[in-house]
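The structure appears right after this line, and notes come after that.
FYI, side chains are in, hydrogens and waters are out, and symmetry mates aren't considered; it's all heavy atoms of this structure.
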Amino acid sequence: MDTWVIVLIIVVLVVVAIGVVVWVLQRQRRTQELSGRFGPEYRETVERVGDQRQAEDELAERQKRVDQMEIRDLSSEEQARFSGEWQSVQAQFVDDPSGAIAAADGLVQELMRTRGYDVGEDFEQRAADLSVQYGQVIREYRSAHDIAERNAADGVDTEELRQAMVHYRALFGELLG
């Protein structure tokens with residue numbers, strides 16, 4: 001075999017090897033970025049989907065969707081208003097735990113809308129959108145919503161309603177800033 005053919009084969013192999021290394025590094029970087037951004041939501045999505053690449057594609061789509069929204073910080077007046085409304089919802093819990101849970105869910109949705117999130121009827125879409133910036137507390141939001149739905153259907157005990165309120169408060173505090 002001629003020397004130039006051997007050199008050409010070596011060059012092609014080196015280029016392919018570099019391409020593979022670059023691809024692997026990009027995948028690792030993407031995984032690290034998504035894992036860091038989404039926190040526990042990353043692991044839960046991978047487990048639910050069953051395939052890391054598909055789960056990462058789903059998370060990247062969530063991020064793209066939220067990036068298209070005009071999310072904004074609250075003014076100090078809006079923060080004060082929402083904070084006051086939250087205090088009222090918490091006070092309502094003493095006399096009407098079920099009503100307070102429904103009010104907490106509504107107030108979270110109103111706060112999301114005010115911040116610029118697309119708040120439709122689909123809870124899973126709302127949770128997915130929030131997971132982009134609040135991946136650390138999205139599990140609490142899902143848990144609170146689950147308790148609220150079970151309460152509306154069959155009723156739950158006061159301790160579960162208290163847990164739902166704590167979960168809503170965690171997300172509310174993050175959204176409020």
According to side chain to side chain donor-acceptor pair (under 3.5 Å), does anything in residues 18-27 pair up with another residue at least two apart or in another chain? List the pairs.
R27-E56
Mind checking side chain to side chain contact (heavy atoms under 4.5 Å, CB included) for [X] and listing every partner two or more places apart, or none if nothing turns up?
X    : result
D105 : Q109, Y141, H145, Y168
R139 : P40, E44
E70  : none

Enumerate the salt bridge (charged side-chain N to carboxylate O under 4.0 Å, His left out) contacts for residues 78-99, please, sequence neighbours excluded, ordered by first and then second residue.
R72-E78, R81-E85, R81-E110
Non-hydrogen atoms of [X] and [Y] that approach each other most closely:
X    : Y    : result
Q92  : A103 : OE1-CB, 3.8 Å
Q136 : G39  : NE2-CA, 3.4 Å
A148 : I101 : CB-CG2, 3.6 Å
A164 : I147 : CB-CG2, 3.8 Å
A128 : R142 : N-NH2, 4.2 Å
M69  : G116 : CB-O, 3.8 Å

May I ask you to decide if [Y]'s main-chain N or O and [X]'s side chain share a donor-acceptor pair within less than 3.5 Å?
X    : Y    : value
S35  : Q32  : no
R115 : L74  : no
N151 : V156 : yes

As an exercise, state the distance from [atom1] of [X] to [atom2] of [Y], rounded to the nearest 0.5 Å.
X   : Y    : atom1 : atom2 : value
E41 : R48  : CD    : CZ    : 7.5 Å
W86 : L107 : CH2   : CG    : 6.5 Å
R62 : L34  : CZ    : CG    : 10.5 Å
F82 : E77  : CZ    : CD    : 13.0 Å
D73 : L176 : CG    : CG    : 11.0 Å
F38 : E58  : CZ    : CD    : 9.0 Å

Does [X] pair with [Y] as a salt bridge, N-O distance under 4.0 Å?
X    : Y    : answer
R30  : D57  : yes
D146 : R150 : yes
E61  : R65  : no

Using the rule that two of Ile, Leu, Val, Met, Phe, Trp, Tyr join whenever any of their side-chain heavy atoms come within less than 4.5 Å, decide whether [X] and [Y] are in one cluster.
X   : Y   : result
V7  : V16 : no
V5  : L13 : yes
V15 : V20 : no

Taking the side chain as every heavy atom from C-beta outward, state whether [X] and [Y] have any pair of such atoms under 4.5 Å apart.
X    : Y    : value
L161 : F93  : yes
E140 : L171 : no
Y42  : T31  : yes
I71  : Q133 : yes

Among V119, V108, D118, I138, find the residue that satisfies the side chain to side chain contact (heavy atoms under 4.5 Å, CB included) test when tested with R126.
V119
For E159, salt bridge (Lys or Arg N to Asp or Glu O under 4.0 Å) partners two or more places apart
R162
